[in-house]
> 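I am attaching a structure below and will ask some questions about it afterwards.
The structure presented is a predicted model; accordingly, all values stated were derived computationally and were not measured. Each chain gets a letter, A, B and so on, in the order its sequence line appears, and its residues count up from 1.
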Protein chains: 2
Amino acid sequence: MKKIIDPYGSELPQDYTKLIKDFGLEKFNPEDFPSSNRLMRRGVVFAGRDLKIIAKAIKNKKPFYVLTGIMPTNDKLHFGSKMIVELMAYFQKMGAQTYILVADLESAAARGVSLEEARRRAMEFHIPAYIALGLDPKKTIFYFQSQNRDVVQLGFEFAKKITLNEFKSIYGNADPGRIMSAVIQAGDILYPQLKERMPGIIPVGVDQDPHIRLTRDIVSRTKAKKFFAPSSIYTKFTPSLDGSLKMSKSKPQSCIELPEDVETACKKIRRAVTGGRATLEEHREHGAEVEKDMVFELLKQHLIEDDEELDQIYGEYKSGHMTSGQLKDLACEKMTIFMTKFEKDLEDARKTVSKLNFIKF
Amino acid sequence: MKKIIDPYGSELPQDYTKLIKDFGLEKFNPEDFPSSNRLMRRGVVFAGRDLKIIAKAIKNKKPFYVLTGIMPTNDKLHFGSKMIVELMAYFQKMGAQTYILVADLESAAARGVSLEEARRRAMEFHIPAYIALGLDPKKTIFYFQSQNRDVVQLGFEFAKKITLNEFKSIYGNADPGRIMSAVIQAGDILYPQLKERMPGIIPVGVDQDPHIRLTRDIVSRTKAKKFFAPSSIYTKFTPSLDGSLKMSKSKPQSCIELPEDVETACKKIRRAVTGGRATLEEHREHGAEVEKDMVFELLKQHLIEDDEELDQIYGEYKSGHMTSGQLKDLACEKMTIFMTKFEKDLEDARKTVSKLNFIKF
């Protein structure tokens with residue numbers, strides 16, 4: 001039986017290599033892309049679909065786009081969103097036309113957030129946060145889903161192209177609300193190609209792959225429209241500080257949000273699962289089990305940009321010279337620097353939102 | 001097992017009395033409504049849901065609305081649409097706020113009609129035809145589905161409120177395209193209540209009852225929004241001239257369209273199934289089987305306004321004084337008068353479309 005990843009639910013992939021095989025993904029090779037970023041170099045980005053067409057567009061300076069959506073339900077971000085923004089910023093630097101949509105229809109339907117409230121949250125927090133995390137606002141095209149009639153029309157057309165069974169085989173189930181969200185989302189993913197026919201890449205967590213599959217199926221079902229099937233690029237999850245697969249607000253003690261006050265964040269880091277040994281003696285003798293260490297993972301994925309610095313820490317910790325406590329001190333220090341800068345950049349970005357490039361409908 | 005009426009398909013109800021029972025409809029009583037129109041008086045309108053609240057609103061001069069949609073796929077109307085317009089016009093005269101939406105999203109998705117083409121057809125034909133058939137354009141509010149964000153947002157929210165099984169039990173199946181159409185249509189049906197909370201009535205052919213049931217279910221599922229469940233009023237089908245249940249373009253020889261050139265229409269009438277006897281002698285002796293006569297049905301439903309005139313024809317035909325040939329001559333004459341007037345009124349109405357009351361979005 002085909003394994004289902006449910007992008008809305010709780011079933012999560014345990015084995016990324018197996019995922020690549022089961023879902024027919026391409027293994028990501030950082031050497032295919034110029035100036036790979038931290039996430040790409042360190043295997044946090046681990047797979048994709050149709051990556052070559054994007055690598056080629058970058059190489060030949062041909063038009064392509066990168067796109068993501070903002071769900072304005074929450075007033076915080078998480079590290080998963082941060083990774084997506086960093087990949088968006090990477091492709092933006094490589095020349096991608098950059099689209100960010102605010103999924104206000106979705107947040108209204110799923111969570112009862114009014115369109116006005118969604119707009120407020122997007123303008124006051126999410127968009128400034130995305131800018132603070134590295135997007136160039138001058139080079140980014142924004143729109144609200146509810147204002148984009150083309151997207152709604154595409155979604156409507158796409159719904160007629162898929163059967164219930166196809167939908168079930170991709171998503172595992174087919175609630176009407178899920179169907180409607182998914183086809184509108186496919187409309188979002190392909191929307192930039194209404195303006196200019198070009199390949200596009202969608203950075204997502206691997207749990208979002210069903211949306212990519214559905215959209216690719218729809219493209220093959222609507223040949224007359226000559227859409228490029230969307231390429232995609234997948235990040236691993238940022239693990240929960242308690243060692244489970246995905247950092248999630250459902251376990252607030254093991255989840256650091258963006259922003260979070262530094263004291264709270266450091267408290268959480270101090271309670272994290274580490275690869276330290278039971279006693280100092282054992283630790284000095286055998287060294288840390290770095291692979292099991294959630295604090296090291298946080299440093300690797302998010303807090304240390306420089307590869308040599310990370311290598312040095314790895315060596316000291318692995319050899320037992322550095323203790324878990326020292327690693328936590330270091331992580332707390334890095335987190336403080338990061339969070340302080342993020343909050344300042346967020347404040348600065350808020351001043352620029354009046355000048356953003358929103359599509360006029 | 002619950003019987004399914006499929007509003008999109010070919011399964012059609014044979015027995016209206018049984019339908020009332022099976023679907024829990026109210027039998028329509030023309031005496032509940034002041035100044036009942038021809039269709040109401042003659043049993044062509046045969047059932048409804050929540051009719052009392054509308055009768056009460058009329059009696060007490062309280063706000064209520066009547067709503068229908070235009071599917072701008074075709075460049076002709078049929079007699080079924082004519083009945084709906086006549087009911088719209090009746091409720092409009094009784095004080096209803098009158099809404100007509102152009103289902104351009106639906107026609108784009110289902111038939112590939114572009115929004116521009118849908119607009120052209122609606123403005124050049126469908127809306128003028130509705131005016132020609134009796135709607136007062138000054139008192140009617142129009143909108144295009146694709147421009148109405150509130151409707152799309154309602155549809156999106158409603159999709160989250162229904163399960164796939166509920167959908168299946170109402171429609172008999174649940175293709176994604178059908179789901180999307182249906183929830184957007186529920187959005188249309190309830191949209192006027194976003195502006196003013198009031199009951200509303202939707203005149204439909206009985207094959208459209210699933211949309212009404214779905215919308216009523218959605219209302220009961222979204223209590224916080226305090227919508228009135230839509231009332232509905234059902235017309236029988238105009239039978240095909242060959243004696244089958246529903247006049248349909250799939251049998252062009254037995255279907256008179258609006259407009260249709262008079263000569264062709266008369267030819268079709270002359271080929272219609274009648275209640276005349278095998279020989280003139282038998283006819284004079286036993287009289288016509290009026291109940292089986294499609295020409296009489298056409299006169300009754302559409303071509304003769306005056307009840308006494310219709311009664312007189314009934315008497316003469318039933319008694320055998322009038323032959324089927326004479327009845328056909330009469331029907332052809334009435335059809336000519338009707339069609340000539342319709343085409344002239346259509347031409348006049350076309351001149352008024354620039355002044356219509358379209359909602360500004």
Side-chain angles (χ1 to χ4, degrees), chain A residues 8 103-116 118-119 144-187 194 214 217-218 221-222 224-225 361, chain B residues 8 103-116 118-119 144-187 194 214 217-218 221-222 224-225 361:
Chain A
Y8 303 90
D104 57 351
L105 278 179
E106 175 69 28
S107 64
R111 308 284 171 85
V113 178
S114 72
L115 299 189
E116 295 67 34
R119 167 179 282 272
F144 288 91
Q145 211 175 37
S146 67
Q147 298 187 341
N148 194 329
R149 287 169 196 166
D150 289 333
V151 161
V152 172
Q153 198 194 342
L154 283 177
F156 219 112
E157 283 182 46
F158 295 164
K160 306 271 180 195
K161 302 290 179 187
I162 49 168
T163 68
L164 198 63
N165 283 336
E166 286 165 333
F167 200 93
K168 278 184 184 163
S169 81
I170 291 175
Y171 285 91
N173 67 48
D175 288 332
R178 180 164 299 194
I179 290 172
M180 184 122 175
S181 298
V183 295
I184 297 277
Q185 192 162 344
L194 291 185
L214 178 75
D217 281 1
I218 286 169
R221 211 65 52 76
T222 54
K225 296 204 171 256
F361 293 106
Chain B
Y8 303 91
D104 57 351
L105 278 179
E106 175 69 27
S107 64
R111 308 285 172 85
V113 178
S114 72
L115 299 189
E116 295 67 33
R119 167 180 281 273
F144 287 92
Q145 212 175 36
S146 68
Q147 298 187 342
N148 194 330
R149 288 170 197 164
D150 288 334
V151 161
V152 171
Q153 197 194 343
L154 283 176
F156 218 111
E157 284 182 46
F158 295 164
K160 306 271 179 196
K161 302 290 178 186
I162 49 167
T163 70
L164 198 63
N165 284 337
E166 286 165 333
F167 201 92
K168 278 183 184 163
S169 81
I170 291 175
Y171 285 91
N173 68 47
D175 288 333
R178 180 164 299 193
I179 290 172
M180 184 121 176
S181 298
V183 295
I184 296 277
Q185 193 161 343
L194 291 185
L214 179 74
D217 281 0
I218 285 169
R221 210 66 51 75
T222 53
K225 296 203 170 258
F361 292 106

> Do you know which of B/Gly177, B/Gly112, B/Ala174, B/Ser146 has the most heavy-atom pairs with chain A at a distance under 4.5 angstrom?
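Heavy-atom pair counts peak at B/Gly177.
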> Take atom CZ of B/Arg221 as the centre, draw a 6.0 Å sphere, and report whether it contains more than 12 heavy atoms from other residues, nucleotides or ligands.
yes
> Could you walk me through whether B/Glu157 and A/Met180 satisfy the side chain to side chain contact (heavy atoms under 4.5 Å, CB included) test, starting with their C-alpha distance in whole Å, then the side-chain angles of each, then the deciding distance to 0.1 Å, before giving a yes or no?
CA-CA 10 Å; B/Glu157 284 182 46; A/Met180 184 122 175; over 6 Å; no
> Please state whether the side chain, the backbone, both or neither of B/Gln147 comes within less than 4.5 Å of a heavy atom of chain A.
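Both backbone and side chain of B/Gln147 come within 4.5 Å of chain A.
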> To check you understand the geometry: which heavy-atom pair defines the closest contact between A/Ala159 and B/Pro176, and what is its length?
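Nearest heavy atoms, A/Ala159 then B/Pro176: O-CB, 3.5 Å.
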> Which one of A/Asp175, A/Ile162, A/Asn165 has the most heavy-atom pairs closer than 4.5 Å to chain B?
A/Ile162
> Quick one: CZ on B/Arg149 to CZ on A/Phe361, what's the gap to the nearest 0.5 Å?
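Output value for this atom pair is 8.0 Å.
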> At a 4.5 Å cut-off on heavy atoms, which part of B/Ile179 comes close to chain A: side chain, backbone, both, or neither?
side chain
> How close do A/Gln153 and B/Ala108 get, heavy atom to heavy atom, and via which atoms?
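Closest approach of A/Gln153 to B/Ala108: NE2-CB, 3.5 Å.
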> Apply side chain to side chain contact (heavy atoms under 4.5 Å, CB included) to the pair B/Leu164 and A/Lys168, showing each step before the final yes or no.
CA-CA 11 Å; B/Leu164 198 63; A/Lys168 278 184 184 163; 3.8 Å; yes
> Less than 4.5 Å to any heavy atom of chain A: does that hold for the side chain of B/Ala110, its backbone, both, or neither?
both
> If you look at every heavy atom in B/Lys160 and A/Ser181, which pair is closest and at what distance?
NZ-OG, 2.7 Å
> Tell me, for B/Ile184 versus chain A, whether the close heavy atoms (under 4.5 Å) come from the side chain, the backbone, both or neither.
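The side chain, not the backbone.
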